[in-house]
**Student:** 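Input: one structure, supplied below.
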Protein chains: 2
Amino acid sequence: MVDNSVLELNLGLGNNNNNNNVVVGGDAHAHAGQSPRQRCPAPFLLKTYDLLEEGESEDMTRIVSWNEEGSAFVVWSPAEFSEHTLRRYFKHNNFSSFIRQLNTYGFKKMSSKRWEFKHEKFQRGCRHMLSEIRRKKCEPSVFPAYLKSSSEENATEENNQQLLMEENKNLKKERLELQMQIDECKALEIKLLACLSQFVDTQQTKIRRLC
Amino acid sequence: MVDNSVLELNLGLGNNNNNNNVVVGGDAHAHAGQSPRQRCPAPFLLKTYDLLEEGESEDMTRIVSWNEEGSAFVVWSPAEFSEHTLRRYFKHNNFSSFIRQLNTYGFKKMSSKRWEFKHEKFQRGCRHMLSEIRRKKCEPSVFPAYLKSSSEENATEENNQQLLMEENKNLKKERLELQMQIDECKALEIKLLACLSQFVDTQQTKIRRLC
DNA sequence: GGGAATATTCCC
DNA sequence: GGGAATATTCCC
């Protein structure tokens, strides 16, 4: 009889084996480029949250820590923070890049006297709220107000065009996906045929022997 | 007393002291984010060029090198290249990220048999040509031509729209065809599986009879 | 603080 | 290969 496992084996063509994805430093953090639709918070937020939490148990609270109430965090020593903490959690050691990210995610600096940053949804013990924090988006094609004035007709037309381009983009994406599906199907067909052929041979031999 | 070096380090927010930007090998490379208007080539290109040139003098040609004519370069050992070279010149060690960049800058893969990449303006001994290589831009805005005068602009726009609609229509047609192909493939699969299954049964019976 | 360019990642 | 999201850098 045909080994079932052989048949099953070939059906798993569509799986995404991303194992070749080498992320160094053994971090279990999410990766850049992940779709924001997923519940998973941005890597930056997870890393920042985790470095605070992991800092609690170590001797790191003199460098960075939650504030008294856990409603914000304070970088007590930017130099050490950059050299040790940033280097450990991120791909750089520039304090200003870290701050750029904080701003991107809507954090506010609380005091001019110390590096204290706050965000509604970024609080001690509330890791689950991180996924509610969104990047500020960069207003892809908002045109300056003074150019908008020409007429509403123009605006409508431009809007139309925008929609068309959107649809166009989606169609191209769909096309790619369909094409890939077809490729998979074809590959599967080839495997099935090979499997069938091999089985026929095997059986033929068996029968011949039995005769 | 407070260590001065610690204090100084913290002030580097506004000014661009990228000295803490640890890219090994004492590089004089430009940095990301620099304006493309400047004559300076993209950091990625400089780094890639330099790693080839610096490799010449060392024992690195077995990992990566120019090809015979110096018209392209070959990564002979992607594993070592990633671990050793990428890690040294970039902020990662993913070969696929490197390739993504090559594609962004318009390099072409020359052979399916080895990792050879070519770009018109990327050749041995021609460091000065690097500044002529441009990133492929990503369709920055829906309407790149705001600043044109509206009279001739209108015609262009209408023409654009027409083209868009045309493309759109074709894409939808293509989609339908692809979908039909998929349906056929699936039907064929089912038939093949049925065929296989039936054949198995028949043979089983035959063999049982012969035993 | 944020705009914009380049870099890196993930995905199709 | 390339689209698109996030990350990092540079600049105002």
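For clarity, every value in this text was computed on a predicted model and none was experimentally measured. Letters A, B, ... mirror the listed sequences (proteins, then strands); counts begin at 1.
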**Student:** Without decimals, in angstroms, what is the distance between Phe95(B) CZ and dT9(C) P?
**Tutor:** 14 Å
**Student:** Identify whether the distance between the nearest side-chain nitrogen and carboxylate oxygen of Glu53(A) and Arg124(A) falls below 4.0 Å.
**Tutor:** no
**Student:** According to a strict under-4.0 Å criterion, is His92(B) in side-chain N/O contact with OP1 or OP2 of dA7(C)?
**Tutor:** no
**Student:** Return the set of residues passing side chain to side chain contact (heavy atoms under 4.5 Å, CB included) with Met129(B) (not counting sequence neighbours), or none when no residue passes.
**Tutor:** Lys121(B), Gln123(B), Cys126(B), Glu132(B)
**Student:** Are Asn94(A) and dT8(D) close enough that a side-chain N or O sits under 4.0 Å from OP1 or OP2?
**Tutor:** no
**Student:** Looking only at side-chain atoms of Ser97(B), point me to the closest of dT8(C), dT8(D), dG2(C).
**Tutor:** dT8(C)
**Student:** Can you check the Gln101(B) CD to dG3(D) P distance for me, whole Å?
**Tutor:** 14 Å
**Student:** If you assign each of Leu45(B) and Lys109(A) to its closest nucleotide in DNA chain C, which residue comes earlier from the 5' end?
**Tutor:** Lys109(A)
**Student:** Round to the nearest Å and state the distance from Phe44(B) atom CZ to dT9(C) atom P.
**Tutor:** 13 Å
**Student:** Could you check Arg87(B), Arg62(B), Arg88(B) and say which one makes a salt bridge (Lys or Arg N to Asp or Glu O under 4.0 Å) with Glu80(B)?
**Tutor:** Arg62(B)
**Student:** Ignoring backbone atoms, establish whether Tyr105(A) has a side-chain N or O less than 4.0 Å from OP1 or OP2 of dA7(D).
**Tutor:** yes
**Student:** List for me each residue that meets side chain to side chain contact (heavy atoms under 4.5 Å, CB included) alongside Glu120(B), sequence neighbours excluded, and say none if there are none.
**Tutor:** none
**Student:** Nearest-Å distance, CG (Leu102(A)) to P (dG2(C))?
**Tutor:** 12 Å
**Student:** For Arg135(A) and dA7(D), is the shortest distance between a side-chain N/O and OP1 or OP2 below 4.0 Å?
**Tutor:** yes
**Student:** Can you confirm whether the side chains of Tyr49(B) and Glu54(B) place a donor and an acceptor under 3.5 Å from each other?
**Tutor:** no
**Student:** Within this structure, what is the CG-to-P distance between Leu46(A) and dT6(D), rounded to whole angstrom?
**Tutor:** 13 Å
**Student:** Counting just side-chain N and O atoms, does Lys91(A) come under 4.0 Å of either OP1 or OP2 of dT9(C)?
**Tutor:** yes
**Student:** Select one nucleotide: of dT8(D), dG2(C), dA7(C), the one nearest the side-chain heavy atoms of Lys136(A).
**Tutor:** dG2(C)
**Student:** Kindly say whether, by distance alone, the side chain of Arg100(B) makes a donor-acceptor pair under 3.5 Å with the base of dG2(D)?
**Tutor:** yes
**Student:** Whole Å only: how far is the NZ atom of Lys47(B) from the C1' atom of dT8(C)?
**Tutor:** 11 Å
**Student:** What integer distance in Å separates Asn103(B):CG from dT8(C):C1'?
**Tutor:** 14 Å
**Student:** I need the CD1-C1' distance between Ile99(A) and dC11(D), as an integer number of Å.
**Tutor:** 16 Å
